[in-house]
Each structure stands twice: as C-alpha cells, then as structure tokens.
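Order of the sequence lines fixes the chain letters, A, B, ..., with proteins taken first and strands second; residue numbering starts at 1 for each chain. When reading the values below, keep in mind they use all heavy atoms of this one structure, side chains included, and skip hydrogens, waters and symmetry mates.
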Amino acid sequence: MGVMEKEIKRQLDILSSGALEVLPGDGLKAKIAVSLKENRPLIVKLGVDPTAPDLHLGHAVPLRKLRQFQDLGHKAVLIIGDFTALVGDPSGRSATRPPLTPEQVKINAKTYTDQAFKVLDDNPQRLEIRYNSKWLGSFSFETILKLTARFTVAGLLVRDDFMKRYKAEQPIGLHEFLYPVMQAYDSVEIRADIELGGSDQKFNLLAGRQLQEKFEQEPQVALTLPLLEGTDGVRKMSKSYDNHIGLTFEPADMFGKVMRVPDEGPEQPRFSLILKYYQLALGYLPDKVAAIAADLEAEKLDPRDAKEELAWQVVATYQGREAADAARADFDARFRRPRLQTVHADTERIVTRMPAVEISVESNIEREALKEDGTIWVPKLLVLTGGAQSTSEGRRLIEQSGVRFKGELITDPATEVKIEGGEILQIGKRKVYKLTLLPINS
RNA sequence: GGGGGAGUGCCCGAGUGGCCAAUGGGAGCGGGCUGUAAACCCGCCGGCUUAGCCUACGUAGGUUCAAAUCCUGCCUCCCCCA
C-alpha cells in the first residue's frame, strides 16, 4: 500500500467512525482522495438552526465530527440558519413555534457559536461561519420559483417524516417543503464537499446533492450521525424529553447528569452507551474507543471509573478543567463512599460547591418569616434558600426525611430553628447550603 | 366558503352533573439499596403554618342545591369537502 493509500485509509477510518450513514457509500473515500491529490482541504458543512438557545450534548455530536475533519486539515463551514429561523422551524412536534425576531436569532446564534468554539478549532484557516440570510434573504420570487422547479412534490413526499405525516393525515405546511430547498441551496453557495447532520437530516443532506448537481457542482457527500440517547438511556437527547445535558449546566449538575446515564440501553451490549458517549459526545478516535471497550470487557477498567472519566472530560470541555476537578470531588463526597449522614460533620470541608445563602434579618422580619429572636419556620427557610418551591413542598421534604439542619434530621414540619449564621442546611442529597445571617442595615 | 372534531395539572392523557385537587404513564422530587444521580423497591408530586381552607380542567357568562362534565358567546388548534 502506498503512502497515499495509507493516508486515505487513515482519514477514512477516523471520519467514518461513529457515522450512521455515508452517502454515497464510497463517496467519502473519493473526496479524501481528491483532497490529497489536489492538496486542498475539503469543505465540510454543518447547518445550525438558531431557534433554540439551549444547546445540549446531543448537539455536540456533529460538532465533534466536524472537529475531526478540522484536525485532519479540512475546513469546517458552520452555516447559521438565521434566515430559516426567521421563518420558523416547522420540523418536529412543537406545532406552534413562533417565528423569532432578528434580535433573538442573533442572541441564539451567539450562544451557539460560543459553545461551538469550545469544541471546534477556531483557526480561520479551518473554520468559517456563514449566515444564510446573506444569500437566501435577498432571493426574488422569481429565483425561488426557478429553484423550486428543480424539485418535485413526489420527490419531497418520499421523505420519511413527510410521508408519515401525510399518511397519518397530519398537516404539512407548504413552506415546510421549502426547507430542504433552502438548506440545499446553502450547499451550493459554499460548494460543500461534505455535509454533516443527524439521522433526521438525511433527506435534507441528499437534497443538497440533488441541487448541487443541477448547478453542475460535484455533489456533496452526506454523512449522518446517530442521535445520542439522553440521560434515560432510551430516547434521543432532547429538551422536550427532559433528558438532556445542557452545555451550560452547572459543572456539578453536568457531571452528575453524565454519571446518571445508564451503562447501556435496553437490550444493548454491555457498556455500549458509555462507549457511544465517548465516541459521539467526546469525539474519541476509533482506536481509543476500542481500547476502552477492551479494558471494560477484560474488567481492567471499572465501568464507574470509565463513566467518571467521561463526565470529567465533558465538564472540562465546556466549563474548564478546574470546574471538572471540583465537580468530581464534589460528586465523590456526596455520592460515593460515605452516606451523607456519616459524612455530615465534614460536609463543609468536602462539598466544594456549597452556595452561601444570605438570610436578611431586615427584609425577612418584614415578611414575617424570620422572627426577632432569629427563629424561622423550617418550610419557610427551605423556600428562602431556594431549596423548595413552596412551603408545601418544604413540608413534604421534611415529612419524607429529606431535610437536615446542622446535621440533625428534621421530622416535624412545624419545627422552627434558630439561625445565628454558619449553619449547614441540607435538602436531599444534592443541595447543601451554608446560611449567613445578614444584620439589619447591611 | 361549508361540514365535523378538540382544548384537562411540567408533558402525554383518562374523566361526560355530585364519591374530583381530578385515574394512568412519563418527567421531577424524597427515602432505601448500590460501582453510579443506573437498575430495583417504597413514598411524594396546585397553593396555604395543612385534621381545615383557597385556587384550578382554553376564556367570559349562564342553567343547577351541585359543573372539568350541560347551554351560549369568544379565542386557539385540527380534520374533511370546496
């Protein structure tokens, strides 16, 4: 095998790892070959819809793949779909999604790129960011007619979710047909060699190929990535399923959420989900993933430790190493060896993230929460600290043995405690507060 | 333009006059257990210093001793025909 062939194979192995589909099957190999022969980087497109400001680990999957391309010297082009977002994203369940204002889109796009830069290489040689309103926004109706004439209704109806909805007699907005068209045009505009997307994007990616051909460009290769399961280990990660791990979550929360992901999904090989996270959420190269898999299999690596490392890496990426270290120490202290009861004496030392809650004498006497002698009804205290939404919830927590004040279990919802400052209040396993008493006039 | 259907707690969804703060599932929360905030088991899951009271079933009225349930207007959504 020649040097060239070896390099092609190396890149192909890395880039196709973890991919769900590569269409056409040998397309990626051909693109890499051309890239090497002509000594030019491939243009790799990833489209982003700035409709939702909250990004989660699932969104990071294509970003990781994009990064792999960058690391091999290729050029990532991030398309911010600000134009499509203005129209309002019709795909999926949430039927009434109000069109966003330009300001919102701008803010969302900023949030997105801020997060994306934590994964991507921001070297301008390797990364370009384009807003599709730049070209789509100025299209005349005539241009649109010419564009749409290149697609047929039957062709669009082939699309899985359109067909399903059509058969199920669910509504399909006319403008929804234009989505693939717009996205396809983006590929033409930037002359994409490869476009990445989730499995739900397959159709749109293929539409790009179709349109590029009409514009006499070499059609792009569509590379789809599997959807990452959420913290339930079953359904795809999504905010609407409440199983997501947000990229902006508090470090401790983020760490815990990763730890909480099951080792494997139902009826899947052991540890498959841990490995999937390594591969997709962290973008580990195939040989490293294989090594972890082997160690797990041989019981050289404890699955708990594998997951802990995973959690650390995730937090480190988005929140920094220090935060990751702290989150890990915190997790160990709270959930690992000792039960909380026995460790309580040391809680203050061990628990790294312990929000100090200031109880203001002045404002709370006015609200009749804190009495003049410094005592307070516990359910009220729980609300003041933010540990409970309502005194009713506070009551429940107490009734269910979830509340400790100065290490002592509170069992009666009517209990009042005296606050002098410095007391530790624990609510459940996760919430620990240190109370600070603010004197009057401070 | 015409005909039909629907709006219930964070989400899905039962409930068609009193037994409804409203079945069930999911999410969430507390406890137990544990390598794990997994799995599993038990409990909670509108508010209120809570054996009681208040507010709630799109919205505004009405019928009734009594309404999520019946009637009317309005709003929103969906389907079919054109």
Side-chain angles (χ1 to χ4, degrees), chain A residues 92-98 165-173 229-235 237-245 249-268 270-274 277 296 299-312 314-315 327-328 330-341 353 367-371 375-384 386-404 409-417 426-432:
Chain A
R93 67 211 78 231
S94 41
T96 46
R97 189 172 281 173
R165 283 160 72 185
Y166 189 67
K167 281 187 177 154
E169 305 189 337
Q170 300 267 314
I172 303 172
E229 283 88 346
T231 51
D232 55 11
V234 179
R235 295 178 298 180
M237 186 177 289
S238 160
K239 204 184 167 193
S240 49
Y241 293 149
D242 236 324
N243 65 356
H244 66 301
I245 301 173
F249 280 4
E250 290 291 325
D253 193 29
M254 199 174 195
F255 194 97
K257 285 257 166 50
V258 176
M259 290 303 283
R260 156 192 211 166
V261 173
D263 297 354
E264 58 266 321
E267 293 169 43
Q268 284 173 0
R270 289 182 71 206
F271 314 133
S272 57
L273 203 48
I274 296 180
Y277 265 69
L296 283 172
E299 294 187 10
K300 266 161 63 189
L301 177 63
D302 186 321
R304 204 208 72 89
D305 293 339
K307 211 187 283 181
E308 188 184 76
E309 172 65 13
L310 180 67
W312 188 90
V314 169
V315 177
R328 174 161 56 192
D330 190 62
F331 187 87
D332 275 3
R334 293 197 200 193
F335 303 109
R336 208 171 176 184
R337 290 174 206 92
R339 300 265 73 85
L340 196 60
Q341 296 88 305
R353 280 202 75 264
R367 282 151 64 184
E368 289 175 46
L370 189 68
K371 296 185 182 160
T375 61
I376 184 166
W377 182 46
V378 179
K380 199 84 193 173
L381 177 62
L382 298 182
V383 174
L384 284 178
Q389 295 285 317
S390 61
T391 55
S392 292
E393 189 185 333
R395 263 172 186 281
R396 274 180 237 126
L397 287 166
I398 293 166
E399 281 162 4
Q400 295 180 124
S401 308
V403 177
R404 280 164 191 276
L409 194 63
I410 308 265
T411 51
D412 181 2
T415 307
E416 296 191 344
V417 295
Q426 296 166 234
I427 305 171
K429 289 175 195 164
R430 304 188 212 175
K431 295 176 190 154
V432 183

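A residue-by-residue look at A/K307 and A/V403 shows that A/V403 has its nearest nucleotide of RNA chain B further toward the 5' end. Each of A/S390 and A/I274 was matched to the nucleotide of RNA chain B holding its nearest heavy atom; the match closer to the 5' end belongs to A/I274.
Atoms CG (A/D330) and C1' (B/U36) sit 15 Å apart, rounded to a whole Å. The distance between atom CG of A/D263 and atom P of B/A37, rounded to the nearest whole Å, is 12 Å. For the pair A/E393 CD and B/U49 P, the computed distance is 14 Å after rounding to whole Å. Between A/D232 atom CG and B/G25 atom P the separation is 17 Å, expressed in whole Å. A/L381 places its CG atom 14 Å from the C1' atom of B/U49, with the value rounded to the nearest Å. Taking atom NZ of residue A/K257 and atom P of nucleotide B/A27, one finds them 13 Å apart after rounding to whole Å. A/E264 has its CD atom 10 Å from the C1' atom of B/A39, to the nearest Å. Note: CG (A/N243) to P (B/A38) measures 14 Å, nearest angstrom.
Separation of the C1' atoms belonging to B/C11 and B/C57 is 16 Å when rounded to the nearest angstrom. A distance of about 13 Å separates the P atoms of B/G7 and B/U59, rounded to the whole Å. Across the C1' atoms, B/C48 and B/A39 are found 38 Å apart, a figure rounded to whole Å. Using C1' as the reference atom, B/G5 and B/G58 are 16 Å apart when rounded to the nearest Å. Comparing the C1' positions of B/U63 and B/G26 gives a spacing of 39 Å, expressed to the nearest Å. When the P atom is compared between B/A38 and B/A27, the two are found 11 Å apart, to the nearest whole Å. Nucleotides B/C19 and B/C10 are separated by 28 Å at their C1' atoms, to the nearest Å. One C1' atom belongs to B/A21, the other to B/C53, and the distance between them is 13 Å to the nearest Å.
Across all strands shown, B/C45 forms no Watson-Crick or G-U wobble pair with both key distances under 3.5 Å. Across all strands shown, nothing is found opposite B/A22 as a Watson-Crick or G-U wobble partner with both distances under 3.5 Å.
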Short heteroatom pairs, N/O only, protein and nucleotides 41-44 of chain B, under 3.5 Å:
residue : atom : partner : partner atom : Å
B/G43   : N2   : A/Q400  : OE1          : 3.0
B/G43   : N3   : A/Q400  : OE1          : 3.2
B/C44   : O4'  : A/Q400  : OE1          : 2.9

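Taking all atoms of both residues into account, the shortest heavy-atom contact from A/I398 to A/P413 is CG2-N, 3.8 Å. The shortest non-hydrogen separation linking A/A252 to A/D330 is CB-OD2, 3.9 Å. In terms of heavy atoms, A/N243 sits closest to A/M237 at OD1-CA, 3.5 Å. Summarising the geometry of A/P262 relative to A/K307, their closest heavy-atom pair is C-NZ, 4.1 Å, with the distance given to 0.1 Å. Between A/E393 and A/G387, the shortest heavy-atom contact is OE2-O, 4.4 Å. Across A/A306 and A/L301, no two heavy atoms sit closer than the pair CB-CD2, 3.8 Å.
In this structure, the separation between CD1 on A/I427 and CG on A/L382 is 4.5 Å, given to the nearest 0.5 Å.
Contact of the A/Y277 side chain with the A/V314 side chain is not registered, since no non-hydrogen atoms from C-beta on lie closer than 4.5 Å. Contact check for A/I376 versus A/V417: side-chain heavy atoms found under the 4.5 Å cut-off.
Taking every side-chain heavy atom of A/L397 into account, B/G30 is the closest of B/A37, B/U49, B/G30. Among the nucleotides B/C33, B/C29, B/U49, the one closest to the side chain of A/K429 is B/C33.
Contact between the side-chain N/O atoms of A/R395 and the OP1/OP2 oxygens of B/G30 is not found at any separation under 4.0 Å. An OP1 or OP2 oxygen of B/C48 is reached within less than 4.0 angstrom by a side-chain nitrogen or oxygen of A/S392.
Residue A/E299 is classed as having no contact, given no heavy-atom separation below 4.0 Å to the nucleic acid.
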